[in-house]
Amino acid sequence: MDTPFAITLGPGSSSVNRTGTWRTERPVYVDRLPPCNQACPAGENVQGWLYTAEEGDYQTAWRQLVAANPLPAVMGRVCYHPCETACNRAQLDHAVGINSVEEFLGDEAIRRGWVLPTPAPDTGKRVLVVGAGPSGLSAAYQLCLLGHHVEIRDSAARPGGMMRYAIPTFRLPRYVLDAEIDRILALGIDFRPNTPVEDLTAEHGFDAVFLAVGAQLAHRAYVPAAQSARILDALDLLGDTAAGQRPQLGRTVAVYGGGNTAMDAARTARRLGAEEAIIVYRRTRERMPANDIEVTDALEEGVRMKWLATVKHADVGVLTIERMELDEHGVPQPTGELEELQADSLVLALGQDVDHTLVDTLPGVRVEGGVVQVDEHMMTGHPGVFAGGDMVPSARSVTVAIGHGAAAARNIDAWLRGTVATPEPEREAATFERLNTWYYSDAPETVRPRLDAARRVSDFAEVTGKLDADTALYEARRCMSCGNCFGCDNCYGVCPDNAIVKVPTGHGYAIDLDYCKGCALCVTECPAGAIDMIPEPD
Amino acid sequence: MPAQSVKFYQVGSRAVGNRLLDAELRTEQSSAERRNSITSGHRACQGCGEALGARYVLDTAERVTGGRLVTVNATGCLEVFSTPYPESAWQVPWLHSLFANTASVASGVAAALEAQGRTDVRVLAQGGDGGTVDIGFACLSGMFERGDDVLFVCYDNEAYMNTGVQRSGATPAYARTATTEAVGPIPGSRPGQGKDLPRIAMAHEIPYVATATVAELRDLEAKVERAMSMRGPRYLHVLVPCPLGWGSAPAETVHLARLAQRSGLFPVFEAEHGEVTSVLPIRDRIPVEEYLRPQRRYAHLFADPPRTDLIERIQQIADRNVARYHLDPHEIPHEEGA
Ligand SMILES: Cc1cc2nc3c(=O)[nH]c(=O)nc-3n(C[C@H](O)[C@H](O)[C@H](O)COP(=O)(O)OP(=O)(O)OC[C@H]3O[C@@H](n4cnc5c(N)ncnc54)[C@H](O)[C@@H]3O)c2cc1C
Ligand SMILES: Cc1ncc(C[n+]2csc(CCOP(=O)(O)OP(=O)(O)O)c2C)c(N)n1
Ligand code: SF4
Ligand code: SF4
Ligand code: SF4
Ligand SMILES: [Mg+2]
């Protein structure tokens with residue numbers, strides 16, 4: 001060997017020494033299921049679209065979002081955002097404002113006229129969707145993208161279901177609803193308004209049916225009342241008001257019930273000029289089914305609550321109320337103590353029932369507890385007839401309805417192909433404990449501005465304000481990308497053996513198993529918990 | 001509109017890189033083009049902090065000198081694990097002579113380069129804590145005192161690791177080593193100052209002295225860059241946890257370095273000409289116990305019964321550092337002569 005003067009050893013590179021043989025465990029990149037994704041009833045890849053939004057590429061983020069849910073601007077206003085309740089960041093400072101970023105993306109899309117994807121080539125299959133509420137629209141959208149011909153029939157004059165005829169405009173402005181629904185129908189869906197479906201056995205010419213007629217019957221409780229006492233249903237009040245009418249309620253209004261509908265009815269009554277709106281509910285606040293945000297909103301707007309009370313009798317201008325008491329099981333029991341409550345009108349908001357007459361003649365369909373039963377493929381007992389939304393066992397929200405629609409579409413598509421939809425492979429949970437939160441900056445949440453309570457009751461203006469582009473970007477960047485690589489280079493940096501290399505594909509990194517000694521430093525220092533250690537295969 | 005600055009990058013500046021940052025704002029270590037001054041195949045233990053620290057330091061030094069850098073290495077793990085004949089992990093010019101004389105060899109290389117008029121080529125000497133604070137101490141002090149143009153980097157893993165974890169002048173109080181067993185009323189390494197080399201270096205009033213850890217990469221890279229922008233003797237002391245000697249999990253190396261800094265036991269600061277010029281404030285301070293407990297070299301402090309008295313003594317050392325270097329970001333600056 002030729003070596004320079006006084007040099008006796010020829011150098012060779014240490015790279016001939018494959019230290020990978022020391023390893024007993026090896027690191028692998030994983031995509032774990034973040035709690036936000038897990039909690040979203042519409043099946044959104046929340047972490048995925050936030051990741052794109054972080055880069056400021058809002059259009060691509062919106063595209064990822066609408067792959068699961070075609071109504072993001074509506075979501076941003078009415079969704080109860082269980083994703084935020086589940087968000088890991090809540091354990092660090094405060095949940096990521098997922099819902100406000102979603103609203104921002106939805107509004108951007110409307111403002112800039114972004115279009116939905118192009119449907120696949122026609123499959124020649126025809127699907128009938130009954131009901132143009134969120135569930136029907138979601139199913140129609142997904143089926144249409146898959147290339148099936150979709151006809152939606154609705155008994156109402158306009159599409160949207162409860163989103164149009166119940167949810168007040170101060171929570172959901174109708175131009176937003178119209179923009180998002182029009183965009184779906186414009187894909188080539190055959191929408192037939194004012195066309196109730198009454199007898200399904202009479203429908204021919206369809207390869208499958210999706211039922212989404214909601215729960216539209218106001219639940220009636222018997223309230224003894226004087227002939228001329230003013231009593232009306234919350235759904236009628238809300239529907240008429242949303243349509244631009246101003247129902248006459250008088251100076252004091254009592255709303256009977258403790259759900260979201262009761263809150264909306266009472267808040268609407270305040271805006272219609274009622275000086276007093278009082279909610280009468282037989283249990284306590286803790287037991288109210290209404291969403292906490294809605295209760296707070298109502299209270300802020302001057303709505304009063306009368307807990308542990310039932311309406312015994314309604315007279316003109318006055319109600320007789322009986323005080324209730326919770327027994328040891330938390331069930332309200334009458335006490336016999338009566339009192340009077342001044343009220344010019346009584347609004348009943350005691351829940352909604354499903355009108356299932358259209359399936360009553362259909363062989364095989366089971367109705368239990370007033371709702372239509374479906375299997376894990378969203379199919380009723382009648383082959384080829386699927387159902388979802390409020391009419392099936394459900395948490396009854398717009399978001400759940402959309403999720404049902406999408407799930408039904410997947411199953412209908414498989415049914416039309418003569419196969420069975422395979423469920424998505426289970427992903428392990430991206431728990432908070434797996435994160436290395438040291439690396440995340442302290443970043444308090446951005447709160448959407450809200451109208452002053454005093455201003456709110458003066459008209460039907462939207463209560464909750466919006467994020468702008470800067471704050472939306474900030475809020476998106478608060479996401480910790482739980483369980484999914486977000487390209488921070490930590491693994492690449494901390495490996496003492498240079499055994500992580502940058503590659504142009506996948507996550508952008510690969511493990512060089514020739515040299516990885518299996519120390520797991522990369523695993524510990526990954527902020528997102530996106531690397532697992534697994535035993536070395538034999 | 002809610003007002004919030006956009007200048008927020010999800011993991012701030014703490015991660016190695018960040019896809020949302022411009023390339024020039026990322027660390028050297030995040031770059032696909034980084035030098036990898038020590039290449040793969042070296043025989044450092046799993047999760048070795050020293051291998052990591054040396055790559056961090058040298059890759060930055062290579063970048064800022066444009067590759068015109070000669071390194072000199074003391075005997076110790078870094079030298080042994082990187083160069084078993086006939087292999088070398090070094091992708092930089094590299095010399096090794098003895099355990100004790102690294103600083104002197106580096107002084108000689110610098111003098112030779114100067115004699116040749118090649119002052120564009122810079123010299124970096126490196127060694128373990130034993131080679132620096134004990135056996136190489138006289139050579140190092142001489143290098144400081146003569147004003148030689150060398151950056152000396154000490155990778156401090158707090159004992160003589162290569163020969164089986166013997167105590168050095170940098171071994172902390174009560175830590176068990178092969179030569180300071182955890183027996184008797186004062187188990188482990190004798191309490192006391194040890195040799196606080198960053199402060200001894202400052203006493204030489206050399207241009208630059210800094211401490212750093214492998215857990216604060218940006219800080220470390222900035223210090224190397226700062227050091228290389230200066231001439232004359234400079235000293236950088238980097239805390240590099242050693243899983244073998246500390247009895248810690250290989251996966252915890254960076255985490256432990258972070259805990260050392262967060263507890264106050266390892267103050268991170270910079271000094272020029274003998275004066276402290278900046279400190280890395282402690283974000284989210286922790287009691288020393290949190291740092292000590294995961295390390296087997298301190299296991300005797302947590303036996304039954306635990307030596308809370310000794311843990312308390314260690315806490316006092318941390319408190320003293322925090323006060324001396326003003327490491328607490330919430331500290332109210334006291335008014336002189338008030
Ligand atoms: C006042 C109120 C406020 C609410 N607020 C919220 C909220 O803030 N957030 C939230 O997530 N959820 C809210 N909800 C619940 C939510 O609106 C429903 O869960 C959701 O709309 C259910 O969707 P769906 O598609 O199943 O049914 P629906 O929205 O009820 O739509 C059913 C559609 O079917 C049509 N239809 C019915 N029968 C027939 C027939 N025989 N032939 C043809 N068409 C028919 C109807 O006209 C309607 O368009 C609220 C509900 C109410 C009442
Ligand atoms: C003069 C001399 N004495 C002893 C040794 C044996 N020796 C080699 S490395 C080493 C310990 C090195 O400790 P340190 O400098 O702290 O480096 P580390 O291995 O911990 O990184 C010793 C004692 C030697 N090589 N030369
Ligand atoms: S931090 Fe991001 S990924 Fe994690 S739960 Fe929250 S929104 Fe989802
Ligand atoms: S840090 Fe490097 S050596 Fe350690 S497990 Fe990860 S890839 Fe392997
Ligand atoms: S003994 Fe310590 S310093 Fe030496 S190679 Fe192993 S981990 Fe690194
Ligand atoms: Mg040492």
Side-chain angles (χ1 to χ4, degrees), chain A residues 9-19 22-23 54-55 436 438-443 446-449 465-468 470-471 473-475 477-481 486-499 501-502 508 512 514-515 517-521 523-525 527 533, chain B residues 1-20 26-27 29-32 34 36 38-53 55-56 82-91 214-215 217 243 249-255 258 283-284:
Chain A
L9 306 179
S13 169
S14 64
S15 57
V16 296
N17 184 30
R18 301 294 157 100
T19 50
W22 302 11
R23 206 174 49 233
E54 279 158 23
E55 293 169 356
N436 187 336
W438 171 258
Y439 289 102
Y440 298 104
S441 301
D442 304 319
T446 321
V447 183
R448 278 180 281 192
K466 314 287 152 243
L467 300 184
D468 61 20
D470 281 359
T471 45
L473 189 65
Y474 168 93
E475 202 49 36
R477 287 177 173 185
R478 291 184 63 239
C479 171
M480 305 188 289
S481 199
F486 63 104
C488 76
D489 288 341
N490 261 15
C491 55
Y492 177 71
V494 300
C495 176
D497 293 279
N498 315 348
V501 287
K502 291 204 178 192
D512 184 346
D514 281 347
Y515 300 110
K517 292 173 184 162
C519 68
L521 251 177
V523 176
T524 317
E525 297 308 318
M533 255 355 235
Chain B
M1 286 295 125
Q4 224 18 293
S5 152
V6 218
K7 283 202 178 43
F8 165 68
Y9 298 108
Q10 190 176 49
V11 288
S13 56
R14 278 181 215 106
V16 168
N18 189 333
R19 71 186 208 286
L20 303 173
R26 303 182 196 170
T27 63
Q29 285 305 308
S30 75
S31 164
R34 74 178 187 215
N36 281 339
I38 311 179
T39 196
S40 306
H42 62 69
R43 293 163 194 240
C45 304
Q46 288 179 321
C48 172
E50 192 165 69
L52 187 60
R55 193 187 77 220
Y56 284 176
S82 62
T83 51
Y85 176 74
E87 297 158 15
S88 170
W90 297 101
Q91 311 213 71
V214 283
L217 177 61
E252 295 296 311
T253 295
V254 171
H255 182 62
R258 185 178 301 131
R283 163 185 183 246
D284 206 359

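This one's a predicted model, so the numbers in the text were calculated from it and none came from an experiment. Order of the sequence lines fixes the chain letters, A, B, ..., with proteins taken first and strands second; residue numbering starts at 1 for each chain.
- Atoms SG and CD, from A:C519 and B:E252 in turn, are 11.0 Å apart once rounded to the nearest 0.5 Å.
- Using modelled atom types, no side-chain atom of A:D497 and backbone atom of B:S40 make a donor-acceptor pair closer than 3.5 Å.
- In this structure a side-chain-to-backbone donor-acceptor pair under 3.5 Å is present from B:R55 to A:G493.
- Interface remark: B:T83 contributes no atoms to any contact with chain A (heavy atom separation under 4.5 Å).
- The CG atom of A:N17 sits 11.5 Å away from atom OG1 of B:T39, with the distance rounded to the nearest 0.5 Å.
- In this structure, chain B has no heavy atom under 4.5 Å from any part of A:D512.
- B:N36 CG to A:S15 OG: the interatomic distance, rounded to the nearest 0.5 Å, is 11.5 Å.
- The nearest pair of heavy atoms linking B:R34 to A:Y492 is NH1-O, 3.0 Å.
- Neither the backbone nor the side chain of B:L217 comes within contact range of chain A, judged by heavy atoms closer than 4.5 Å.
- Proximity to chain B is limited to the side chain of A:E525, based on heavy atoms less than 4.5 angstrom apart.
- A cation-pi arrangement is present between B:R283 and A:W438 under the rule of less than 6.0 angstrom and at most 45 degrees off the ring axis.
- Counting heavy atoms from C-beta on, the side chains of A:T524 and B:V254 never come closer than 4.5 Å.
- Rounded to the nearest 0.5 angstrom, B:Q46 CD and A:T19 OG1 are separated by 10.0 Å.
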Take B:H42 and A:N498, measure what side chain to side chain contact (heavy atoms under 4.5 Å, CB included) needs, and give me the verdict at the end.
-> CA-CA 10 Å; B:H42 62 69; A:N498 315 348; 5.7 Å; no
